[in-house]
Amino acid sequence: MKTSQGWRLGMKEMQILSAPRQRAQLKKPTWIIVLVSLVSLFLICAYVYPPQGSGACYVFSLNGCKGLSDWLPPAPARELTDEELASHVVTNEILNTPPVVPENPKIAFMFLIPGALPFEKLWDRFFQGHEGKFSVYVHASKDKPVHFSRYFVNREIRSDKVVWGKISMVDAERRLLAYALKETDNQHFVLLSDSCIPLRDFDYVYNYLMYTNISFVDCFEDPGPHGSGRYSEHMLPEVEKKHFRKGAQWFTMKRQHALAVMADSLYYRKFKDYCRPNMEGNRNCYSDEHYIPTFFYMLDPTGISNWSVTHVDWSEGKWHPKSYVRKDITYELMKNITSISENVHVTSDARKEVQINPCLWNGNQRPCYLFARKFLPEALDSLLQLYPNYTSI
Ligand SMILES: *[C@@H]1O[C@H](CO)[C@@H](O)[C@H](O)[C@H]1NC(C)=O
Ligand SMILES: *[C@@H]1O[C@H](CO)[C@@H](O)[C@H](O)[C@H]1NC(C)=O
Ligand SMILES: *[C@@H]1O[C@H](CO)[C@@H](O)[C@H](O)[C@H]1NC(C)=O
Ligand SMILES: *[C@@H]1O[C@H](CO)[C@@H](O)[C@H](O)[C@H]1NC(C)=O
């Protein structure tokens with residue numbers, strides 16, 4: 001067939017004209033195609049009926065017995081929904097995009113408080129001399145606080161009512177993150193309450209949070225009534241019971257993780273709808289203790305520390321953690337808290353299993369805590385007096 005005429009012929013004619021030439025050329029590749037088909041069939045069979053005996057291992061693997069299913073992609077347990085697929089794609093893109101490190105990276109300190117900030121003087125001391133390395137955001141859900149520290153004046157964001165244990169708590173956290181993300185210099189985000197105090201000086205906190213690539217998000221599996229016992233099957237199929245996690249609300253987050261939380265609506269909605277106080281069957285679920293730990297456990301488990309850098313003392317075994325009063329504040333107490341380098345989780349089932357893990361910072365064991373709660377306002381003066389001593393430990 002001459003090319004000068006070829007373009008004028010219809011498709012059918014072209015096929016007829018070129019057929020004899022093709023047949024001659026196909027003879028050789030045919031056996032290759034047959035062979036490839038046979039090998040594919042063999043591989044598919046092996047995948048569907050994985051080899052079990054050691055004889056089969058020898059056939060299927062060159063070094064050691066790995067089984068074919070180890071080097072083929074795992075068969076997905078179920079198809080992701082459109083929304084899940086979108087969510088995973090967006091989250092992975094955020095996590096795999098190296099952050100643009102600004103010239104002047106800052107830490108965002110986000111205060112989630114009802115109104116007054118009893119330890120403002122202590123925080124003022126903490127921030128002094130470190131201008132330009134931090135930003136402060138205040139979400140005051142009840143009353144507009146009166147500030148005297150220049151670091152807090154006009155730092156309130158638009159706030160809304162927060163009901164303890166309800167989704168409005170998570171909404172306030174997300175609102176703080178959104179406002180703090182607007183400033184591109186903010187690279188790490190710390191959530192604090194009105195009863196929180198700093199345990200270290202500013203530089204220690206800055207270096208601890210900035211020179212690691214993980215977020216300090218508390219996360220563990222509690223099979224007991226205050227853990228997985230709060231799970232509702234209405235969260236299926238996206239959130240399975242075996243993925244349900246628990247953790248204290250007081251997180252610190254790197255920028256990518258803060259963005260991932262902002263980008264999420266799928267998992268947020270699951271918790272908003274099915275993790276609430278007074279659900280059916282008198283079950284109580286508190287989204288602020290489960291949403292973020294479960295979200296990161298599912299989407300970036302190795303990107304979080306699994307403990308919170310905010311210390312709290314649950315050892316009294318009551319409904320609320322220990323509240324420190326004025327007479328508790330001693331150099332010895334502060335030294336004790338700042339020297340802890342293992343984190344402890346206790347399950348809420350009958351076994352009360354104690355899980356102890358070293359606090360690893362870039363692979364090395366270091367003190368776990370940068371902040372602590374819960375301190376009563378009356379502790380302020382003692383803390384102010386001791387602050388230079390215990391932060392220089
Ligand atoms: C946190 O726990 C997950 C398992 O839930 C683990 O894969 C991850 O390595 C842990 N993080 C650190 C920093 O050890
Ligand atoms: C953090 O950095 C270390 C070493 O620089 C690397 O091995 C690890 O994969 C990183 N982790 C994450 C969650 O990016
Ligand atoms: C500090 O820790 C020591 C040793 O664990 C303990 O005996 C002591 O009671 C603690 N003191 C305070 C004030 O917590
Ligand atoms: C705090 O440190 C100062 C100077 O080192 C010292 O004089 C003072 O006694 C210390 N106070 C306490 C309560 O340890």
Side-chain angles (χ1 to χ4, degrees), residues 88 91-92 95 188 197 199 208-224 227-228 231 239-254 256-257 260-261 267 289-318 321-347 353-376 378-379 382-383 385-387 389-391 393:
H88 288 215
T91 308
N92 286 337
L95 298 180
H188 208 99
I197 62 153
L199 287 174
Y208 198 105
L209 297 178
M210 223 50 125
Y211 298 111
T212 187
N213 56 5
I214 61 167
S215 293
F216 294 92
V217 172
D218 190 23
C219 176
F220 81 113
E221 183 173 17
D222 176 2
S228 306
Y231 171 79
V239 183
E240 295 176 43
K241 190 171 187 174
K242 65 177 186 208
H243 294 148
F244 195 70
R245 288 294 178 280
K246 181 176 180 170
Q249 157 186 25
W250 310 105
F251 61 73
T252 84
M253 248 179 229
K254 60 178 182 175
Q256 285 166 308
H257 280 159
V261 170
Y267 298 100
E289 291 185 353
H290 299 283
Y291 163 55
I292 284 178
T294 305
F295 178 74
F296 284 113
Y297 177 74
M298 290 179 68
L299 291 160
D300 192 19
T302 58
I304 57 169
S305 62
N306 304 314
W307 90 85
S308 164
V309 288
T310 298
H311 176 265
V312 70
D313 181 359
W314 283 103
S315 66
E316 292 178 343
K318 297 189 186 150
K322 178 179 171 59
S323 281
Y324 296 100
V325 297
R326 188 202 316 263
K327 67 171 168 46
D328 292 324
I329 312 304
T330 59
Y331 181 79
E332 195 193 359
L333 172 76
M334 304 318 282
K335 203 175 100 180
N336 276 9
I337 296 177
T338 50
S339 56
I340 298 168
S341 61
E342 282 175 339
N343 61 82
V344 179
H345 289 113
V346 184
T347 62
E353 190 199 323
V354 180
Q355 306 167 1
I356 301 179
N357 286 299
C359 292
L360 297 181
W361 187 87
N362 288 347
N364 302 312
Q365 190 163 4
R366 283 192 60 181
C368 303
Y369 300 115
L370 304 177
F371 313 104
R373 56 192 277 269
K374 306 182 74 146
F375 289 78
L376 291 188
E378 62 172 43
S382 315
L383 286 167
Q385 216 181 334
L386 274 178
Y387 179 74
N389 293 47
Y390 71 75
T391 52
I393 290 169

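Positions are given from 1, in the same order as the sequence printed here. Counting starts at 1 for both ligands and their atoms, following the listed order. Just so you know, these numbers come straight off a predicted model, no measurement behind them.
In this structure, Q355 has no side-chain hydrogen bond (donor to acceptor under 3.5 Å, both in side chains) partners at least two apart in sequence or on a different chain. Under the ring pair (Phe, Tyr, Trp, His ring centres under 6.0 Å) criterion, F296 pairs with H257, not counting sequence neighbours.
In this structure, ligand 3 sits under 4.0 Å from heavy atoms belonging to E332, L333, N336.
Each of K327, M334, R326 was checked for a side-chain contact (heavy atoms from CB on, under 4.5 Å) with S382, and the lone residue meeting it is R326. Screening Y291, Y267, F295 against V239 for a side-chain contact (heavy atoms from CB on, under 4.5 Å) leaves a single residue, Y267.
Counted by atom type alone, D218 and H345 present one or more donor-acceptor pairs between their side chains at under 3.5 Å.
Of all atoms in ligand 1, listed by their number and element, those nearer than 4.0 Å to a heavy atom of P301 are 1 (C), 3 (C), 8 (C). Atoms of ligand 1 lying under 4.0 Å from any heavy atom of Y297, numbered from 1 in the order shown and given with element: 5 (O).
Residue T302 has no N or O atom closer than 3.5 Å to an N or O atom of ligand 1.
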Table please: side-chain donor-acceptor pairs of residues 367-375 below 3.5 Å, with sequence neighbours left out.
none

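Contact detail for L299 and L95: the closest heavy-atom pair is O-CD1, 4.1 Å.
Proximity of I304 to ligand 1, defined as any heavy-atom pair under 4.0 Å, is confined to the backbone N, CA, C and O atoms.
For an aromatic pair to be called close, the ring centres must be under 6.0 Å apart, and Y208 with Y211 fails this.
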